[in-house]
Student: 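Have a look at this one before I ask anything.
Numbering of residues begins at 1 and proceeds along the displayed sequence.
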Amino acid sequence: MSINNEGIDSEAKVIVNGKCEKMKCKICDNFVEKSSLFNVQEMMFGYKDTFSYFQCPKCGCLQIAEVPFDMSKYYPPDYYSYNDISFGMLANKARRLRNYYAVFNKGFLGKLIYAKYPYTNMRSLYELDLNIKSFIMDVGCGNGLLLKDLKDIGFLNLLGIDPYIKKDIKYDNDVSVLKRDIYDIENVAGKFDLIMFHHSFEHIVDPIMTLQTVSGMLKGGGVCLIRIPTVSSYAWEHYGVNWVQLDAPRHFYLHSIDSIKWLAEISGFILTKVTYDSTAFQFWGSEQYLNDIPLISNRSYCVNPSNSLFTMADIRKFIKKANILNSEMRGDQAAFYLRKK
């Protein structure tokens, strides 16, 4: 696949009489009629720039039709995953107890804290046979909070990479986050037990090449964990272009279960498990977009709950509905476990 100097995939269009008539799915190479495009506004910051997406009828992947050449506008310095990490002594102690329980399912106090303050990123690792010597890389990790937390509960061999951070980060507990792309990491063939993408895989331009690179970095039987929003969900079916996790233009691909299976097969993996872990966000965020309220707004629930559209009773209903959808495998985000063949 090639990206030209306008940020457009030059091999993904069929031109008839000088006009683009079809788009090619960048996952399964199926052609899709241009007339089926969805126009989606940027609503996190309320810029309201419009971007076109299309959904492949063969693999189900919803994807941006043209990747913007310059994404810097949509990742400002205060983008949430780049924020500094700072907790007090008591909070750090509570976090360690909770996080140890999340990964190893041990510790009564940690269980109680987790029930009140869950940490889905960490809990997703409980599904894996990890030990403190496991080699783990977090791709697109932002400020590296998850890795820092893993280090604090005893994990020894951790690496984070993110090409969009300002500079390399080195924490006091020796966790390193490098300003690198996955293709820039050298001498790691067959090194890692786990490579994970926590809501970063949907931001990647070339998912096929990325997964093939990941396969080469994993040990035999190693796992690639991908946590992403998914169109195999009630939220996409119900809210359409107002679905909050579509997040144009930052999310280039909104995968289905079938498109992840397709990616896994051509990249040397087997999809072994899918666990839905969606939250109330799919409802209150999407309802805000329906009412023309950006995510970063004084009227947004995540910024100013008392000034938002929702009562606590509304949020409780959203939480209950999210849990039901997860049990039915219809929530709007999921963890995909891919094991290297």
Student: H251: what forms a ring-ring contact (aromatic ring centres under 6.0 Å, His included) with it, not counting sequence neighbours?
Tutor: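 Residues passing ring-ring contact (aromatic ring centres under 6.0 Å, His included) with H251: H203.
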Student: Just to verify, what does A313 make a side-chain contact (heavy atoms from CB on, under 4.5 Å) with, not counting sequence neighbours?
Tutor: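 Residues passing side-chain contact (heavy atoms from CB on, under 4.5 Å) with A313: T311, R316.
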Student: Sequence neighbours left out, cut at 3.5 Å: what donor-acceptor pairs do the side chains of residues 106-121 make with other protein atoms?
Tutor:
{"from": "Y119", "atom 1": "OH", "to": "D149", "atom 2": "OD2", "distance (Å)": "3.1"}
{"from": "N121", "atom 1": "OD1", "to": "R227", "atom 2": "NH1", "distance (Å)": "2.6"}

Student: Closer than 4.0 angstrom, basic N to acidic O: yes or no for D193 and K219?
Tutor: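 K219 and D193: salt-bridged.
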Student: If the threshold is 4.0 Å, N to carboxylate O, is there a salt bridge linking D206 and K26?
Tutor: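 Between K26 and D206 there is no salt bridge, as every charged N stays at least 4.0 Å from the carboxylate O atoms.
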Student: Kindly work out whether a path of hydrophobic side-chain contacts (I/L/V/M/F/W/Y, heavy atoms less than 4.5 Å apart) joins M43 to V303.
Tutor: no
Student: Just verifying a value: how many Å separate I153 CD1 and K148 NZ, rounded to the nearest 0.5 Å?
Tutor: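 Atom-to-atom, I153:CD1 and K148:NZ are 12.5 Å apart.
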Student: Using a 3.5 Å distance criterion without hydrogens, assess whether the side chain of Q333 forms a donor-acceptor pair with backbone atoms of D277.
Tutor: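 Present.
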Student: Side chain to side chain donor-acceptor pair (under 3.5 Å): which pairs involve residues 319-328, sequence neighbours left out?
Tutor: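 For residues 319-328: Y234-K321, S278-N326.
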Student: Is a side-chain donor or acceptor of S308 paired with a backbone partner of P305 at a separation under 3.5 angstrom?
Tutor: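 A pair under 3.5 Å: yes.
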Student: What residues form a ring-ring contact (aromatic ring centres under 6.0 Å, His included) with W243, not counting sequence neighbours?
Tutor: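 With sequence neighbours excluded, W243 shows a ring-ring contact (aromatic ring centres under 6.0 Å, His included) to no residue whatsoever.
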Student: Tell me every residue that passes side-chain contact (heavy atoms from CB on, under 4.5 Å) with E42, counting only those two or more places apart in sequence or in another chain.
Tutor: M44, F45, Y47, F51, Y74, P249, R250
Student: Among all residues two or more places apart in sequence or in another chain, which pass the salt bridge (Lys or Arg N to Asp or Glu O under 4.0 Å) test with K133?
Tutor: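 In terms of salt bridge (Lys or Arg N to Asp or Glu O under 4.0 Å), with neighbours along the sequence ignored, K133 is linked to no residue.
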Student: Give the C-alpha distance, both sets of side-chain angles, the deciding distance and a yes or no for salt bridge (charged side-chain N to carboxylate O under 4.0 Å, His left out) between D49 and K73.
Tutor: CA-CA 11 Å; D49 302 339; K73 173 182 178 179; 2.8 Å; yes
Student: Working to the nearest 0.5 Å, report the span between OG of S36 and OH of Y53.
Tutor: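 Reported value, rounded in 0.5 Å steps: 15.0 Å.
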Student: Do M329 and I319 sit in one hydrophobic cluster, given that two such residues count as connected whenever their side-chain heavy atoms are within less than 4.5 Å of each other, even indirectly?
Tutor: yes
Student: Answer yes or no: are there more than 12 heavy-atom neighbours, outside N131 itself, under 6.0 Å from its atom CG?
Tutor: yes
Student: Please answer whether the main-chain N or O of I293 pairs with a side-chain N or O of N291 as donor and acceptor at a distance below 3.5 Å.
Tutor: no
Student: List for me each residue that meets side-chain contact (heavy atoms from CB on, under 4.5 Å) alongside N298, sequence neighbours excluded, and say none if there are none.
Tutor: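 N298 satisfies side-chain contact (heavy atoms from CB on, under 4.5 Å) with N304, N307 once adjacent residues are dropped.
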Student: Kindly say whether Q282 contributes a backbone atom to a donor-acceptor pair with the side chain of S286 at under 3.5 angstrom?
Tutor: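 Checked: pair present.
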Student: Counting the benzene-type ring for Trp, do Y164 and Y75 have ring centres under 6.0 Å apart?
Tutor: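 Yes: the rings meet the under 6.0 Å criterion.
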Student: Could you tell me which residues satisfy side-chain contact (heavy atoms from CB on, under 4.5 Å) with N105, sequence neighbours excluded, listed by chain and number?
Tutor: Y101, R123, Y126
Student: Which residue in the set V40, D292, L290 passes side-chain contact (heavy atoms from CB on, under 4.5 Å) when paired with N242?
Tutor: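 With N242 as partner, side-chain contact (heavy atoms from CB on, under 4.5 Å) holds for just one option, L290.
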Student: May I ask you to decide if K170's main-chain N or O and S176's side chain share a donor-acceptor pair within less than 3.5 Å?
Tutor: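 Looks like no, no N/O pair under 3.5 Å.
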Student: Show the atom names and distances, to 0.1 Å, of all donor-acceptor pairs under 3.5 Å that link a side chain in residues 264-273 to residues at least two apart or in another chain.
Tutor:
{"from": "E265", "atom 1": "OE1", "to": "K341", "atom 2": "NZ", "distance (Å)": "3.4"}
{"from": "E265", "atom 1": "OE2", "to": "K341", "atom 2": "NZ", "distance (Å)": "3.2"}
{"from": "S267", "atom 1": "OG", "to": "L263", "atom 2": "O", "distance (Å)": "2.8"}
{"from": "T272", "atom 1": "OG1", "to": "Y337", "atom 2": "O", "distance (Å)": "3.1"}
{"from": "K273", "atom 1": "NZ", "to": "E127", "atom 2": "OE1", "distance (Å)": "2.6"}

Student: With a 6.0 Å cut-off (strictly less than), is the heavy-atom count around NZ of K179, excluding the residue itself, greater than 12?
Tutor: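 Result for NZ/K179: enclosed.
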Student: Return the set of residues passing ring-ring contact (aromatic ring centres under 6.0 Å, His included) with F104 (not counting sequence neighbours), or none when no residue passes.
Tutor: Y100, F155
Student: Return each pair, listed once, that meets ring pair (Phe, Tyr, Trp, His ring centres under 6.0 Å) where at least one residue sits in residues 281-333; pairs must be two or more places apart or across chains.
Tutor: F281-W284, F283-F318, W284-Y301, F310-F318
Student: Donor-acceptor pair, D162 side chain versus G142 backbone, under 3.5 Å?
Tutor: yes
Student: Looking at K340 and L218, would you say the former's side chain and the latter's main chain have a donor-acceptor pair under 3.5 Å?
Tutor: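 Between the backbone of L218 and the side chain of K340 there is a qualifying donor-acceptor contact (under 3.5 Å).
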Student: Take T50 and N39 through the test side chain to side chain donor-acceptor pair (under 3.5 Å) and record every step on the way to the result.
Tutor: CA-CA 6 Å; T50 300; N39 292 319; over 6 Å; no
Student: Donor-acceptor check, side chain of S200 to backbone of V139, threshold 3.5 angstrom: yes or no?
Tutor: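 Yes; at least one donor-acceptor contact below 3.5 Å.
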Student: Take I64 and Y253, measure what side chain to side chain contact (heavy atoms under 4.5 Å, CB included) needs, and give me the verdict at the end.
Tutor: CA-CA 7 Å; I64 197 164; Y253 298 91; over 6 Å; no
Student: Considering residues, nucleotides and ligands other than D184, do more than 12 of their heavy atoms fall under 6.0 Å from its CG?
Tutor: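 Yes, CG of D184 has more than 12 neighbouring heavy atoms, counting only those of other groups under 6.0 Å.
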